[in-house]
Amino acid sequence: MSDKTNSHGHSHGHDHHHDDEFDRGLSYDLPVFARRRMIRLLAGASMVPLVAACSTDDSSGTASSDSSSSGSSGSSSSSSSSSGSDCEVIPGETAGPYPGDGSNGPNVLKESGVVRRDITKSFGSAGGVAEGVPLTITLTVVDQASGCDTPKEGAAVYLWHCDREGNYSLYSEGVTEENYLRGVQETDAKGQVTFTSIFPACYTGRWPHIHFEVYGSLDDATAAQSIVATSQLAFPKDVCDTVYATDGYSQSVSNLGQLSLETDNIFSDGYDQQLATLEGDTDKGYTATLTVPV
């Protein structure tokens, strides 16, 4: 049974349209926070099944790291997971109002072509291409019960995020017929999936992030059933500052200036496990890596 929101996600543009979702209030996210606290209390004793969150994708947040202004720098790193006694399941988060998994409007998971590495282009009858600073995303799914040392081969990850303008394909005004920046892959022997994408915008009220769902198998993912975990990946501030100084991201500069990870409704109760390691530059693109214990 999915815990995600199912009452929102009609067609919206970015910025002020996103605000309509955020104005629904913190009460939509409180069940998520309560669930995450319970997961952390029990993680040391046994594996706790993750439940997908049940609120809209609303929050606000700003950053505490120093910013970088160099167009060829901005490399950053963070501890995305640990092993042994410190190993915990990835915090469960809301799938937000634009999941595209059938729980809240469109279902892209059952469409032919959704299983792919390059998610910058729409597939099927759509022909849109998402422009922006190149970003390669690698998630490593591991078994939390074994101390995060055992990769989960044969699992599947559905990953999606907004474009350079802050719009979500399938939902936002002007891109409802597009399905770019959404894709599914099966984990390999290392438990890894890698997606080729672009750096997402910072839209009004949310820290820059990427959504993802973990499924037990590729068949489950393409049938949009039996979600194992729903969470979000966060970006370090210094890299965001560098990327948003490039052409096409001007609106993200002012939006990011009003936010911080510490006050974001999603990441404010802890983001160490969700803060990706970023390497690269704006010329050649960035790589983002995160370990996802389930």
Side-chain angles (χ1 to χ4, degrees), residues 2 4 6 9-14 52 57 95-141 152-201 209-233 285-290 292:
S2 175
K4 298 183 295 301
N6 57 12
H10 302 293
S11 179
H12 296 289
H14 78 288
D57 187 16
Y98 314 119
D101 61 2
S103 64
N104 185 29
N107 188 348
V108 75
L109 294 177
K110 295 184 178 182
E111 294 185 17
S112 175
V114 72
V115 180
R116 62 209 184 119
R117 176 188 175 108
D118 186 349
I119 61 174
T120 59
K121 306 176 180 65
S122 290
F123 61 89
S125 60
V129 178
E131 302 291 343
V133 171
L135 177 67
T136 300
I137 308 149
T138 296
L139 302 184
T140 302
V141 183
K152 298 281 285 186
E153 181 180 5
V157 174
Y158 167 41
L159 181 145
W160 72 99
H161 61 84
C162 71
D163 62 20
R164 187 170 61 180
E165 286 73 41
N167 294 319
Y168 283 86
S169 66
L170 302 178
Y171 294 89
S172 299
E173 184 178 355
V175 293
T176 56
E177 300 304 314
E178 302 295 345
N179 51 35
Y180 55 53
L181 305 183
R182 299 177 183 274
V184 174
Q185 284 199 68
E186 184 177 29
T187 57
D188 61 17
K190 297 180 180 179
Q192 293 183 340
V193 293
T194 298
F195 294 92
T196 300
S197 190
I198 56 98
F199 206 96
H209 62 283
I210 287 177
H211 295 268
F212 60 90
E213 293 173 342
V214 180
Y215 292 80
S217 67
L218 187 60
D219 286 343
D220 283 346
T222 54
Q225 65 183 14
S226 305
I227 299 172
V228 174
T230 302
S231 194
Q232 297 181 26
L233 172 156
Y286 286 90
T287 59
T289 56
L290 185 73
V292 181

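Nothing fancy with the numbering, it's 1 onward along the sequence. For the numbers below, each heavy atom of this structure counts, side chains included, while hydrogens, waters and symmetry mates do not.
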Applying side-chain contact (heavy atoms from CB on, under 4.5 Å) to I137 and T194, what does each step give before you reach the verdict?
CA-CA 5 Å; I137 308 149; T194 298; over 6 Å; no

Using a 4.5 Å cut-off on heavy atoms from C-beta on, say whether the side chain of I210 contacts that of L290.
no

State whether the side chain of Q185 and the backbone N or O of V193 hold a donor-acceptor pair below 3.5 Å, judged by distance alone.
no

If you define the side chain from C-beta out and look only at heavy atoms, does anything of P99 sit under 4.5 Å from Y171?
yes

Are the side chains of Y158 and F212 in contact, using a 4.5 Å heavy-atom criterion?
no

Does either side chain, that of Q192 or that of T138, offer a donor lying less than 3.5 Å from an acceptor on the other one?
no

Distance in Å, E213 CD paired with Q232 CD, rounded so as to fall on 0.5 Å steps
11.0 Å

Side chains of D163 and Y180: any donor to acceptor distance under 3.5 Å?
yes

Tested for side chain to side chain contact (heavy atoms under 4.5 Å, CB included) against Y215, the lone hit among L109, V141, T187, V157 is L109

Looking at F123, F195, Y98, which hits side chain to side chain contact (heavy atoms under 4.5 Å, CB included) with R182?
Y98

Rounded to the nearest 0.5 Å, what separation is found between the NZ atom of K152 and the OG atom of S217?
11.0 Å

Contact between V133 and I198 at the side-chain level, heavy atoms closer than 4.5 Å - yes or no?
no

Within-4.5 Å side-chain heavy-atom neighbours: P200 and L135:
yes

How long is the gap from CG on L139 to CG on L233, to the nearest 0.5 Å?
6.5 Å

For the atom pair CZ (R116) and NZ (K121), what is the distance rounded to the nearest 0.5 Å?
9.0 Å

Please examine the side chains of T222 and V115, heavy atoms only from C-beta on, and report whether any two atoms are closer than 4.5 Å.
yes

Atom of H161, atom of S197 and distance for their closest heavy-atom approach
NE2-OG, 2.6 Å

Any side-chain heavy-atom pair from N179 and S122 closer than 4.5 angstrom?
yes

